[in-house]
Amino acid sequence: MIPPGTVMTYGQIAAMAGNPLASRAVGYALRAIPAGMELPWHRVVNSKGEISSRRTVQGDYDRSLQRVLLESEGIVFSDTGIMDLKKYQVFKEHPAL
DNA sequence: TCGGTGACGAGAA
DNA sequence: ATTCTCGCCACCG
């Protein structure tokens, strides 16, 4: 439900799901997304506004794809790979947040 | 049951 | 601002 051009953090999603301490489980869930499932996984960033790294089969890290997808929705990243959370985060009025 | 790991997060130094 | 530590949940050997 995260609209294009906006983002949520792992912690916020965990909070809305009922447990603000389960942020790691959110990351685990994203990792387990089946191919073909419609789900805006790229709109989830960490609490600092950066793209969380994951290992590829090669062993190196890949954040480029997620960044490209977000930039294509109008989100701007600093040269250090950080985006302004305050500016792009949604559902600010949700009770759990 | 235990211990290690990970697309996390908050607080301490 | 950076780095480290610890607590969290779920999964796996």
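In the text below, chain A, chain B and the rest are named by the order of the sequence lines, each starting its count at 1. Values reported hereafter were calculated over all heavy atoms of this structure, with side chains retained and with hydrogens, waters and symmetry mates removed.
Rounded to an integer number of Å, the gap from A:Ile13 CD1 to C:dA10 P is 15 Å. Atom pair A:Gln89:CD and B:dG9:P shows a separation of 12 Å (rounding to whole Å applied). The separation between A:Gln12 atom CD and C:dC8 atom C1' is 17 Å, rounded to whole Å. Distance CG (A:Leu21) to P (B:dA10): 10 Å, rounded to an integer number of Å. What separates CG of A:Asn46 from C1' of C:dC8 is a distance of 16 Å, to the nearest Å. Atoms CD (A:Glu50) and P (C:dT3) sit 12 Å apart, rounded to a whole Å. As rounded to whole Å, 11 Å separates atom C1' of B:dA7 from atom CD1 of A:Ile51. Rounded to whole Å, the distance from CZ on A:Arg31 to C1' on B:dG6 is 6 Å.
Judged by distance alone, with hydrogens and angles left aside, A:Arg24 brings a side-chain donor or acceptor within reach of the base of C:dG7, the pair sitting under 3.5 Å.
Taking atom P in both B:dA12 and C:dC8, the straight-line distance is 16 Å, to the nearest Å. For the P atoms, the distance linking C:dT5 with B:dG4 amounts to 16 Å, nearest Å.
Taking a 6.0 Å sphere around NZ of A:Lys86, one finds it holds 12 or fewer heavy atoms contributed by other residues, nucleotides or ligands.
Among the atoms of the strands shown, only primed sugar atoms or phosphate atoms (P, OP1, OP2) are found under 4.0 Å from some heavy atom of A:Tyr28.
Where A:Lys48 and A:Asn19 meet DNA chain C, the nucleotide closest to each residue was compared, and A:Lys48 sits on the side nearer the 5' end.
Among the nucleotides B:dA7, C:dA10, B:dC8, the one closest to the side chain of A:Ala25 is C:dA10.
Note on A:Ser52: a side-chain N or O is less than 4.0 Å away from OP1 or OP2 of B:dC8.
Follow the hydrophobic side-chain contacts under 4.5 Å out from A:Leu30 and you reach A:Met16 in the same cluster.
In summary, the side chains of A:Gln12 and A:His94 do not present any donor paired with an acceptor at a separation below 3.5 Å, with no hydrogens or angles considered.
No donor-acceptor pair closer than 3.5 Å links the side chain of A:Glu50 to the backbone N or O of A:Gly81.
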side-chain contact (heavy atoms from CB on, under 4.5 Å) assessment of A:Arg67 paired with A:His42: CA-CA 8 Å; A:Arg67 173 159 174 169; A:His42 61 284; over 6 Å; no
